[in-house]
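Below: the structure, in structure tokens.
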Amino acid sequence: MFKRILIANRGEIACRVIRACHELGIESIAVYSQADADSRHVHMATESVCIGAGTNTESYLNLANVLSACEITGAEAVHPGFGYFSERPSFAEALASMGIKFIGPSVSAIEAMGDKAKAKEAAIIANCPVVPGSTGPVPSEVEAMEWAEKIGYPVLLKAVAGGGGRGIRRVDSKEELTHAFKTAQAEAQASFGNGDMLVEKCVLLPRHVEIQILGDEHGNVVHIGERECSVQNPRHQKIVEEAPCVVLTNELRDQMGAAAVRVAKQVGYSNAGTVEFLLDARGEFFFLEMNTRIQVEHPVTEQISGLDLVQWQIRIANGEKLPFDQSGVKLHGHSIEARITAQDPDKDFAPCTGKITRWEPPGFRGVRLDTHVYAGFTVSPYYDPMIAKLIVTAETRELAVRRLQVALDEFNVEGIQTNISFLRRLVRDQRYVSGEVSTAFVGEFLQEAATHA
Ligand code: ADP
Ligand code: ADP
Ligand code: MG
């Protein structure tokens with residue numbers, strides 16, 4: 001087993017990985033920016049290295065600094081967390097050339113899934129249903145129009161290099177299309193350095209349901225069930241996730257799971273990964289993309305499977321074989337995650353910064369909190385506003401929803417604004433309580449709240 005692992009990330013995921021290392025008897029090396037000097041991951045790690053000033057480009061996204069930290073600390077392997085360098089082939093390549101193991105899939109698998117057009121092609125070859133529309137990038141608005149006429153409005157224009165909900169634009173009519181295509185292309189070029197666009201049918205009122213997979217470096221791939229992630233803000237960012245998904249029958253789970261495994265095998269995938277799907281009201285599912293890394297919402301899968309996904313990432317990177325096959329994956333109970341963010345619900349979810357003066361999270365049976373903050377911690381303006389993940393687990397969904405409501409009620413934070421008050425209202429909405437949600441739910445909820453205000 002590795003003796004020393006460097007974690008090329010910050011925040012709660014860095015803490016999560018450090019714990020997994022220590023439980024496996026591995027030393028951890030944290031990297032941190034000047035703004036994060038007091039972050040919990042810095043104190044938790046066996047050793048910590050400052051890699052630059054506060055902004056991401058000066059620190060966590062500064063390739064030379066991160067690689068230097070690997071070299072001077074003698075790291076044998078690097079866990080990239082999510083975001084940052086986690087899906088960047090050049091990072092994995094640079095580590096390989098230094099003789100350091102990247103804890104993730106092969107460079108070719110990252111490349112195959114890094115571009116939404118290439119990923120869609122791989123899914124088609126793997127006989128996995130994809131959203132109707134162009135498979136490759138459309139060169140101009142003329143071809144975009146042809147596709148839109150063929151599949152019918154509304155359509156989505158999607159940047160092949162997009163991610164995190166960015167680079168997706170809905171077009172409802174022919175009149176809008178020409179202008180929308182040009183702007184979307186220009187925006188994608190500016191944000192991602194790649195203006196290539198796909199045209200896709202806009203699936204109406206879908207659910208976002210994704211399948212967690214684990215593959216070892218010996219060709220074995222299993223899926224660990226699904227996560228329901230339809231509770232997203234209007235910018236397609238996930239807020240509340242759960243496992244299992246209430247509408248998935250065992251048959252549909254088997255079908256989606258098998259499709260995800262085929263896609264993974266198609267690209268020679270190893271390590272943890274997620275195949276995202278849209279599920280429509282008729283129970284038809286369509287491949288969206290594959291995320292070649294650990295995901296923010298992985299804890300809900302851990303809670304119902306009993307597997308430690310981060311430890312498995314490390315063990316797989318160390319060459320271990322999965323000791324179970326699909327029939328050995330057992331799911332039990334229900335788990336829900338709510339993302340706690342430093343955002344002001346009364347100011348259109350504007351990010352909030354400042355010192356947390358009071359931090360009283362809930363802690364009782366069936367409650368897990370993944371976080372890097374504490375009372376006295378200062379939330380800086382440089383990073384993602386997520387400050388914690390509250391995860392509850394219970395025997396049934398009904399009990400898990402109640403446990404989440406109770407846990408949110410107990411959660412007391414002062415000094416900065418958070419989205420907790422919003423989450424309390426959201427998880428009491430009848431649609432949420434009954435599980436009758438689509439990706440449009442939060443948008444509707446916010447609109448209703450605005451009209452009643
Ligand atoms: P996931 O795909 O894991 O569910 P999201 O879709 O919410 O996560 O995140 C979108 C993108 O932003 C991903 O690339 C993810 O890695 C990144 N990201 C999300 N939250 C954070 C965070 N707190 N810090 C850094 N990157 C993040
Ligand atoms: P990202 O890389 O930004 O995560 P995804 O392709 O995973 O992009 O899509 C993000 C979200 O956008 C989905 O969870 C879903 O809510 C919405 N979405 C994407 N494609 C479609 C589609 N064809 N029809 C309807 N909604 C879609
Ligand atoms: Mg996605």
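Counting starts at 1 for both ligands and their atoms, in listed order.
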(Q) Please name the atom of E289, limited to N, O or S, that comes nearest to the Mg ion (ligand 3). (A) OE2

Q: Among E200, E289, E121, find the residue that satisfies the side chain to side chain donor-acceptor pair (under 3.5 Å) test when tested with K116.
A: E289

Q | Side chain, backbone, both or neither: the part of L204 lying under 4.0 Å from ligand 2 by heavy atom | A | neither

Within the 4.0 Å heavy-atom shell around [X], which atoms of ligand 2 are there?
X	answer
L288	6 (O), 7 (O), 13 (C), 19 (C), 20 (N)
G165	1 (P), 3 (O)
H208	13 (C), 14 (O)
V131	23 (N)

Any nitrogen or oxygen of [X] lying under 3.5 Å from a nitrogen or oxygen in ligand 2? Just yes or no.
X	value
I168	no
L278	no
V203	yes

(Q) Taking salt bridge (charged side-chain N to carboxylate O under 4.0 Å, His left out) as the criterion, tell me which of R207, R253, R397 meets it with E228. (A) R207

Q: List the steps, then state whether ring pair (Phe, Tyr, Trp, His ring centres under 6.0 Å) holds for F445 with Y432.
A: CA-CA 10 Å; F445 177 88; Y432 178 73; 9.9 Å; no

Q) Among the heavy atoms of K116, does any lie under 4.0 Å from an atom of ligand 2? A) yes

Q) Are E302 and K389 ion-paired here, with the side-chain N under 4.0 Å from a carboxylate O? A) no

Q) Does any N, O or S atom in E276 come within less than 2.8 Å of the Mg ion (ligand 3)? A) yes

